[in-house]
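Structure record follows, encoded as structure tokens.
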Amino acid sequence: MCIAYPGRVERVEGQTATVDFSGNLVPVRVGVVDVKPGDYVLVHAGMAIEAMSAEKAQEILKLFKEMEA
């Protein structure tokens, strides 16, 4: 099963953004969403598939932490 995971956009260069996933900076393709630094994105297979509010991202991250525990 594959899941999408939220991260915070740190910078955008063309069609690629550097996204922070709990301290891990990862290049992500952002060709299908309009984002800027500080935005949160839902990422699947290296591609941002949805921009979202910080509140929604934090809610999802909290659920993942609960599942890990």
Which heavy atom in [X] sits nearest to a heavy atom in [Y], and how many Å separate them?
X	Y	answer
Val33	Glu50	CG1-N, 3.7 Å
Pro6	Met52	CB-SD, 4.1 Å
Val30	Ala48	CG1-CB, 3.9 Å
Tyr40	Ser53	CB-O, 4.3 Å
Val9	Ala17	CG1-CB, 4.1 Å

Worksheet item: Can you get from Met67 to Val43 by hopping between Ile, Leu, Val, Met, Phe, Trp and Tyr side chains that sit under 4.5 Å apart?
Response: yes
Discussion item. Within the 4.5 Å heavy-atom criterion, are His44 and Tyr5 side-chain neighbours or not?
Written reply: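 His44 vs Tyr5: side chains apart.
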Worksheet item: Nearest 0.5 Å, what's the CG-CD distance between Asp20 and Glu10?
Response: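 Reported to 0.5 Å precision, the distance equals 5.0 Å.
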Practice prompt. First locate atom OG1 of Thr16, then atom CE of Met47, and finally report the distance between them rounded to the nearest 0.5 Å.
Written response: 9.5 Å
Worksheet item: Of Val26, Val28, Val12, Leu25, which meets side chain to side chain contact (heavy atoms under 4.5 Å, CB included) against Thr18?
Response: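 Answer to the side chain to side chain contact (heavy atoms under 4.5 Å, CB included) test with Thr18 among Val26, Val28, Val12, Leu25: Leu25.
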Practice prompt. Show the numbers, then the answer: is there a side chain to side chain contact (heavy atoms under 4.5 Å, CB included) between Phe64 and Ser22?
Written response: CA-CA 12 Å; Phe64 279 124; Ser22 302; over 6 Å; no
Practice prompt. Tell me, yes or no, whether the heavy-atom count around Asp34 atom CG, taken from other residues, nucleotides or ligands under 6.0 Å, exceeds 12.
Written response: no
